[in-house]
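Working notes, beginning with the structure itself.
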Protein chains: 2
Amino acid sequence: MPHRKAQNLEIDNLDIQILSILMKNATTPYTEIAKELIVSGGTIHVRMKKLEEMGVIKGASLEVDPQKLGYDITAFLGIYLEKGSQYQEAVAQLKKINEIVELHYTTGSWSIFAKIVCHDTNHLREVLNENIQSVSGIQRTETFISLEESIKRQITLE
Amino acid sequence: MPHRKAQNLEIDNLDIQILSILMKNATTPYTEIAKELIVSGGTIHVRMKKLEEMGVIKGASLEVDPQKLGYDITAFLGIYLEKGSQYQEAVAQLKKINEIVELHYTTGSWSIFAKIVCHDTNHLREVLNENIQSVSGIQRTETFISLEESIKRQITLE
DNA sequence: GTTGAAAAGTGCTGCGA
DNA sequence: TCGCAGCACTTTTCAAC
């Protein structure tokens with residue numbers, strides 16, 4: 001039986017530097033990263049493969065400007081559940097609402113905290129009254145509308 | 001003087017379909033998108049260039065798993081300002097705090113609403129007590145810790 | 001505006017150190 | 001384990017429709 005070599009699953013400084021560059025711009029060529037970090041292109045490739053296998057890298061996604069696509073309203077929702085135990089069931093139903101882009105189970109007053117993106121105030125009202133209020137277990141919601149998004153970035157590594 | 005042809009700055013259904021595919025996976029080859037939408041690779045390229053010039057596409061970024069990089073705590077902060085007029089100044093100072101990944105000016109109880117990512121509870125306490133409380137104009141903050149992130153996605157186009 | 005193919009650049013794989 | 005070089009693939013460009 002062949003001996004399978006144990007893979008090095010540690011994240012070192014080089015990995016962090018590679019991730020830092022690609023988190024800012026995912027289209028940066030490997031050769032350019034290699035030149036900047038003074039290693040070969042092959043090394044970048046090996047490290048990226050390792051990070052993907054480790055699950056550190058979940059994928060690459062295109063960032064779009066929602067406003068330019070007609071989505072003008074970003075709002076946050078604090079949701080009160082009748083019972084905390086209804087969380088999983090409520091989430092399953094809330095997942096079907098496409099306007100919800102982020103959802104957390106949080107400490108504090110609310111059970112659920114959600115971020116929602118809509119075309120306009122009418123659209124927001126529709127989603128709140130028709131879609132969200134009809135989810136079983138939801139008692140009431142509190143809405144905060146974002147008037148300005150001043151920061152939107154990823155974590156800075158080390 | 002040469003006549004500069006006016007560029008078509010409308011977003012049609014083809015653009016939306018291209019964006020939808022790339023928002024799910026930004027590494028999808030143009031040739032594959034072309035095959036799926038039954039147009040040529042060149043067309044995809046022209047449309048992408050148009051969308052970039054229009055500012056609809058802000059860039060592509062690598063998605064990483066913060067937990068696998070040692071960032072275990074995601075929290076939301078409601079921030080009370082002494083005066084609403086201090087917003088711009090407070091934001092300028094808050095931008096320097098790397099742990100803050102998102103910041104909004106919102107309606108409702110708080111003036112500012114922020115999302116923050118930290119290593120652990122100690123790190124969160126440090127950022128709250130040392131960095132955020134020392135920003136001028138901030139009266140007090142309310143913290144909500146995310147115990148589970150159940151949804152994290154981009155808007156679904158049309 | 002779209003097409004199809006050629007040119008340029010990037011990512012991947014195996015061999016050598 | 002890393003670096004180099006050749007191969008495969010993708011992006012980009014451009015003349016023609």
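This one's a predicted model, so the numbers in the text were calculated from it and none came from an experiment. Residue numbers start from 1 in every chain, and the chains themselves are labelled A, B, ... in the order their sequence lines are given, proteins ahead of strands.
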Distance test, side-chain N/O of [X] to OP1/OP2 of [N], below 4.0 Å:
X	N	value
B:Thr43	C:dT3	yes
B:Arg47	C:dT2	yes
A:Ser40	D:dC2	no

Quickly work out the [X] [atom1] to [N] [atom2] distance and round it to whole Å.
X	N	atom1	atom2	value
A:Leu14	D:dT1	CG	P	14 Å
B:Met48	C:dG1	CE	P	17 Å
B:Leu37	C:dG1	CG	C1'	16 Å
A:Ile18	D:dC2	CD1	P	10 Å
A:Lys35	C:dT10	NZ	C1'	13 Å
B:Asp12	C:dG1	CG	C1'	11 Å

For this session: Measure the angle between the two terminal helix axes of the helix from C:dG1-D:dC17 to C:dA17-D:dT1, five base pairs each, and quote it to 10°.
Result: 20°
Not counting sequence neighbours, which residues clear side-chain hydrogen bond (donor to acceptor under 3.5 Å, both in side chains) with [X]? List them please.
X	result
B:Asn122	B:Arg125
A:Asp12	A:Arg47
A:Gln93	A:Ser136
B:Arg153	none

Problem set entry | All pairs passing salt bridge (charged side-chain N to carboxylate O under 4.0 Å, His left out) where residues 132-143 of chain B contributes a residue, at least two apart | B:Arg140-B:Glu142
Exercise. Which residue pairs pass the salt bridge (charged side-chain N to carboxylate O under 4.0 Å, His left out) test when at least one of the two sits in residues 17-42 of chain B, sequence neighbours left out?
Worked result: none
Exercise. In chain order, what residues pass the salt bridge (Lys or Arg N to Asp or Glu O under 4.0 Å) check against B:Glu89, with sequence neighbours excluded?
Worked result: none
Exercise. For every nucleotide of nucleotides 12-17 of chain D, 5' to 3': is a protein heavy atom under 4.0 Å from its base (B), only from its sugar-phosphate (S), or from neither (-)?
Worked result: SB----
Exercise. With a 4.0 Å cut-off, would you call B:Glu63 and B:Lys152 a salt bridge?
Worked result: no
For this session: Give me the ring orientation class for B:Phe144 and A:Phe113: parallel if the planes are under 30° apart, tilted from 30 to 60°, perpendicular past 60°.
Result: parallel
